[in-house]
Amino acid sequence: MTEADEKTIQDLRRSGILLTTLEDLYNWGRSNSVWPLQFGLACCAIEMIAASMSRFDIARFGSEVFRPSPRQADLMIVSGTVTKKMAPQVVRLYNQMPEPKYVIAMGACAISGGPFKQGYNVLKGIDRYIPVDVHIPGCPPRPEALLNGLMELQEKIREQNLTGENRPHHLRSDVSGEFPVPEFGACDLEPPSNPAVWTPPEPIREGL
Amino acid sequence: MESAEQLRDRLLAAFPEARVEVLANPAPVAQHSLIIGATHAVQIATLLRDDPDLAFDYASNVTGVDRPDQEIKEKVTVKETVDGEEKEVTKEVTRTEPGYLEAVYHLYSMAKRHGPVILRLRTENRTDKVTLPSLTPVWRSCEFQEREIYDLFGIVFEDHPDLRRLLMWDDFEGHPMRKDYVEPDDYEWEPTPHDAVLIKAKRPADGEEAAPLAP
Amino acid sequence: MIPGVSIEEKTDPLQGQILEVSMGPHHPSTHGVFRMDVKLDGERIVSLKPVFGYLHRNHEKIAEDVSYLGSIPYTDRLDYLCSLTNNWAYCLAVEKLSGFEIPERAEYIRVIVGELTRLVNHTCLMGFFVQDLGAMGTPLMYAFREREKILDLFEGLTGARMMCNYMRFGGVRCDLPVGWIDEVKKVIAAFPRFLDEFESLLTQNEILIARAQGVGVLSKELAINAGITGPCLRASGVGHDLRKVDAYSIYSRFDFKVPIGAHGDCYDRFMIRLLEMRESLKILDQAIAALPSGQIIDPKAKSRGLRPKAGEAYGRIEAPKGELGFYLISEGGPSPYRYRVRPPSLINLTVLEDMCLGGTVADAIATLGSIDIVLGEVDR
Ligand code: SF4
């Protein structure tokens with residue numbers, strides 16, 4: 001197909017002819033039926049439920065089908081504080097999700113530990129173990145913010161190519177969607193982070 | 001309801017060998033508490049529950065308190081013989097007040113609608129003699145709360161039906177609610193702006209030299 | 001081999017096998033990250049051990065490190081459905097510790113927002129409960145529709161939907177905005193209609209009755225001994241409501257009843273909440289009618305840099321889930337020496353095993369739903 005310019009496409013659409021690429025069509029379908037895992041961790045989960053209820057109605061974006069089983073889900077919304085005791089289960093659930101899979105870190109806690117960062121049992125950000133696609137700040141983020149985050153994710157999905165470096169994981173054989181599950185250690189998780197996805201910055205201790 | 005002193009006298013009348021002391025609470029609410037010796041704790045608790053005048057049928061809040069060893073500096077006057085002459089000398093001595101762990105029980109009565117009576121049980125020290133009798137056989141509501149104290153403070157409750165860690169995982173080491181618990185070091189700790197927290201924030205990393213504290 | 005499932009051979013081959021199932025911490029029918037280790041003989045539960053700690057966020061340890069004032073936002077996040085009553089309980093404990101007086105108007109405002117919080121909590125709980133019974137979606141949608149109306153009120157008053165951070169030692173943070181009371185009146189005038197609708201939809205429902213009546217029975221004696229509080233206790237026939245017993249704040253001025261159940265089963269626990277909401281509406285009406293003008297915070301009270309004199313205090317209120325208490329020990333420092341939350345949700349779970357033994361897994365789900373737990377408070 002030769003490159004059709006935007007104006008021709010719009011003209012054709014007005015007369016009832018839809019001209020698109022397979023890639024666009026494929027991503028359009030994928031991005032508008034992102035099924036989240038029914039998975040709540042803490043306070044933010046209540047706002048996630050509120051987003052799926054009548055007032056905010058996440059169904060407008062095709063994501064109302066909350067799946068109880070990770071095997072049927074495309075999206076994991078990490079909504080709330082991930083404690084060290086819970087982190088292995090979160091990673092295990094992520095591993096059980098089929099490709100292509102995406103992660104939204106919802107709320108300050110999932111991003112960095114949030115208000116509970118100083119706690120001895122709080123994981124300081126889920127991105128220490130699994131890759132996160134969209135971060136939504138807030139404590140808790142309003143349901144509108146979650147919807148915005150979901151739209152960002154849809155945008156991200158639409159931009160993925162079916163070929164080349166940027167193609168989604170399910171079309172590549174060279175990457176694995178499984179991440180090592182941390183183990184319980186004497187007073188922390190072993191290892192405290194997954195070096196493949198996250199490296200700790202150098203501690204800055206001056207000026208305190 | 002009876003005052004703490006009356007209650008102490010009543011308990012001492014029933015158990016003359018028991019240790020029962022009143023610990024005054026200077027706060028405006030004046031909820032005074034009773035320090036109970038571990039040997040008679042279960043009998044005293046049963047009496048408090050079953051006596052028809054007291055009827056403390058409901059143990060509301062059970063918690064632990066950690067009191068680490070304290071260094072106390074005080075001035076003492078001693079008689080000394082200096083050059084054959086007896087003199088009174090004031091000296092500053094440091095003595096260490098031994099620390100202990102404490103379990104605190106808040107009791108109320110649903111039948112009589114009075115309370116609280118506060119019981120305090122103390123362990124002998126913080127290291128090896130940390131057993132206390134469990135009051136779960138008297139009040140079921142202590143079950144999870146005593147497990148929590150065992151988990152976070154390290155008090156071992158004898159005769160508890162199911163003494164396991166409640167909140168942390170089973171292989172966890174240490175008791176995190178103790179005052180001297182040191183968390184695993186993380187580059188991301190955040191200082192809060194006062195006193196002990198600030199000092200902790202300035203704690204050097206392993207192998208580094210201690211940063212001088214700001215005046 | 002399915003993870004979390006193991007089979008144990010019994011000695012008598014005719015008796016079959018005991019199946020050990022670990023339900024949770026991610027399970028669609030647990031209210032958050034809660035886990036139950038269940039042993040099943042056929043479909044009957046022979047042992048059920050709750051496992052906690054998956055949301056243990058070290059609230060108490062952090063509170064012993066920050067100032068008294070700095071703990072108020074953390075209390076919001078304990079029981080995240082009822083942040084305002086959590087604030088209230090904590091402020092009450094600090095007020096007892098340092099002897100602040102609360103002005104009349106502040107007390108009224110506290111009662112109004114407290115009872116609104118009770119409405120929010122009970123509506124949500126009923127939605128979640130019937131969802132656990134299998135009514136996916138619809139009742140929960142109704143409940144959340146009503147919740148949003150009250151959350152809008154909270155947002156107008158405090159600026160936040162869920163985490164209100166509104167009360168202060170000796171009063172409240174800011175006065176009511178202009179027109180707010182009128183909005184409250186509108187919401188509570190419309191509320192009985194929702195309750196009627198919910199009641200006619202559910203209370204006579206065949207399935208609800210079959211799933212809830214006679215399930216998860218809790219006896220009065222066990223309930224008292226195990227320290228159960230709140231609607232669960234009252235459903236077992238004990239008329240213990242701290243609003244009457246302690247008459248804290250100004251609750252002695254209002255005319256309201258304490259509903260009591262007769263059977264202690266899931267159905268009673270469900271109905272008690274429905275009735276309590278009607279009583280809360282009565283209190284709201286009276287409080288709004290009598291709302292005085294005046295100060296909203298004790299001028300002597302100090303929020304920033306508060307250093308109460310050495311001593312200790314235990315303050316408790318009737319939160320929607322039961323007796324929420326805060327135990328504070330001060331050594332005169334800027335943060336409490338010991339800070340302890342008495343979590344009603346955790347203690348109400350003490351009897352979960354007793355209530356579920358001999359029942360089926362489906363009954364255990366219903367029982368758990370009717371106890372009303374929030375994991376933020378269970379694990380803190
Ligand atoms: S970010 Fe805030 S609201 Fe969300 S889970 Fe953490 S504490 Fe709760």
Side-chain angles (χ1 to χ4, degrees), chain A residues 37-47 49-57 59 64-70 73 76 79-90 92-96 107-109 113-123 138-144 181 184, chain C residues 3-4 24-33 35 51-63 65-66 70-71 73-74 76-81 83 120 124 127-128 131 136-138 140-149 151-152 155 160-163 165 374-376 379-380:
Chain A
L37 179 62
Q38 183 184 354
F39 170 63
L41 287 174
C43 350
C44 284
I46 303 291
E47 287 297 58
I49 298 171
S52 70
M53 289 296 145
S54 44
R55 183 179 187 182
F56 297 100
D57 196 10
E64 80 282 18
V65 197
F66 280 83
R67 301 316 300 178
S69 160
M76 177 187 244
S79 53
T81 321
V82 188
T83 58
K84 288 179 184 164
K85 194 166 178 180
M86 189 63 196
Q89 273 80 330
V90 176
R92 192 165 294 138
L93 284 170
Y94 180 76
N95 285 347
Q96 289 174 356
C109 284
F116 296 95
K117 189 172 194 166
Q118 296 161 43
Y120 49 86
N121 190 27
V122 176
L123 185 72
C139 182
R142 294 180 58 98
E144 292 95 325
V181 178
F184 292 134
Chain C
H26 160 68
H27 186 279
S29 288
T30 52
H31 289 219
V33 281
R35 180 172 142 208
V51 183
F52 306 96
Y54 292 99
L55 196 54
H56 179 45
R57 302 192 279 196
N58 329 119
H59 173 55
E60 289 178 5
K61 185 87 176 175
I62 293 174
D65 270 357
V66 300
S71 288
Y74 285 100
D76 284 338
R77 287 152 181 84
L78 270 174
D79 171 356
Y80 31 78
L81 286 172
S83 61
V120 170
C124 287
F128 285 131
Q131 167 129 346
M136 298 303 275
T138 318
L140 193 60
M141 292 244 182
Y142 280 30
F144 266 71
R145 183 190 65 198
E146 295 310 307
R147 173 178 182 261
E148 290 292 337
K149 289 180 192 160
L151 289 198
D152 280 350
E155 195 178 355
R161 282 157 52 84
M162 277 173 70
M163 307 302 178
N165 180 15
V374 157
L375 262 294
D379 293 341
R380 283 151 293 134

Under 4.5 Å from a heavy atom of chain C, the part of A:Ser69 involved: neither

What is the distance from atom CD of C:Glu155 to atom CZ of A:Arg142, rounded to the nearest 0.5 Å? 4.0 Å

Heavy atoms of C:Val51 and A:Lys85 approach each other most closely as CG1-NZ, 4.2 Å

Side chain / backbone / both / neither for C:Phe52 at chain A, heavy atoms under 4.5 Å: backbone

Chain A: which of C:Leu375, C:Asp379, C:Leu140 shares the most heavy-atom pairs with it under 4.5 Å? C:Leu140

Just verifying a value: how many Å separate C:Arg161 CZ and A:Glu47 CD, rounded to the nearest 0.5 Å? 4.0 Å

Closest non-hydrogen atom pair between C:Val33 and A:Met86, with its separation: CG1-CE, 3.5 Å

Go through the steps for A:Arg55 and C:Asp152 under the test side chain to side chain contact (heavy atoms under 4.5 Å, CB included), then give the verdict. CA-CA 12 Å; A:Arg55 183 179 187 182; C:Asp152 280 350; 3.1 Å; yes

How close do C:Met141 and A:Ser54 get, counting heavy atoms only, and between which atoms? SD-N, 3.6 Å

Without swapping roles, check the side chain of C:Tyr80 against the backbone of A:Ala45 for a donor-acceptor pair under 3.5 Å. no

Max heavy-atom pair count under 4.5 Å with chain A, selected residue of C:Tyr74, C:Tyr142, C:Tyr54: C:Tyr54

Minimal heavy-atom distance between A:Cys43 and C:Met163, with the atoms involved, is CB-CE, 3.3 Å

Quick check against the 3.5 Å criterion: does C:Arg77 have a side-chain atom that pairs as donor or acceptor with the backbone of A:Cys139? yes

Which residues pass the side chain to side chain contact (heavy atoms under 4.5 Å, CB included) test with A:Thr81, not counting sequence neighbours? A:Ala42, A:Cys109, A:Phe116, A:Val122, C:Leu55, C:Arg57

Where on A:Phe66 is there a heavy atom nearer than 4.5 Å to chain C: the side chain, the backbone, both, or neither? neither

Among A:Pro140, A:Ala87, A:Ser52, A:Gly119, who wins on heavy-atom pairs under 4.5 Å with chain C? A:Gly119

Which bit of A:Leu93 comes within less than 4.5 Å of chain C, counting heavy atoms only: side chain, backbone, both or neither? side chain

Please name the pair of heavy atoms, one in C:Arg147 and one in A:Ile46, separated by the smallest distance, quoted to 0.1 Å. NH2-CG2, 3.3 Å

Looking only at heavy atoms, what is the nearest atom pair of C:Phe144 and A:Ile49, with distance? CZ-CG2, 3.7 Å

Cut-off 4.5 Å, heavy atoms of chain C, and the answer for A:Pro143 is side chain

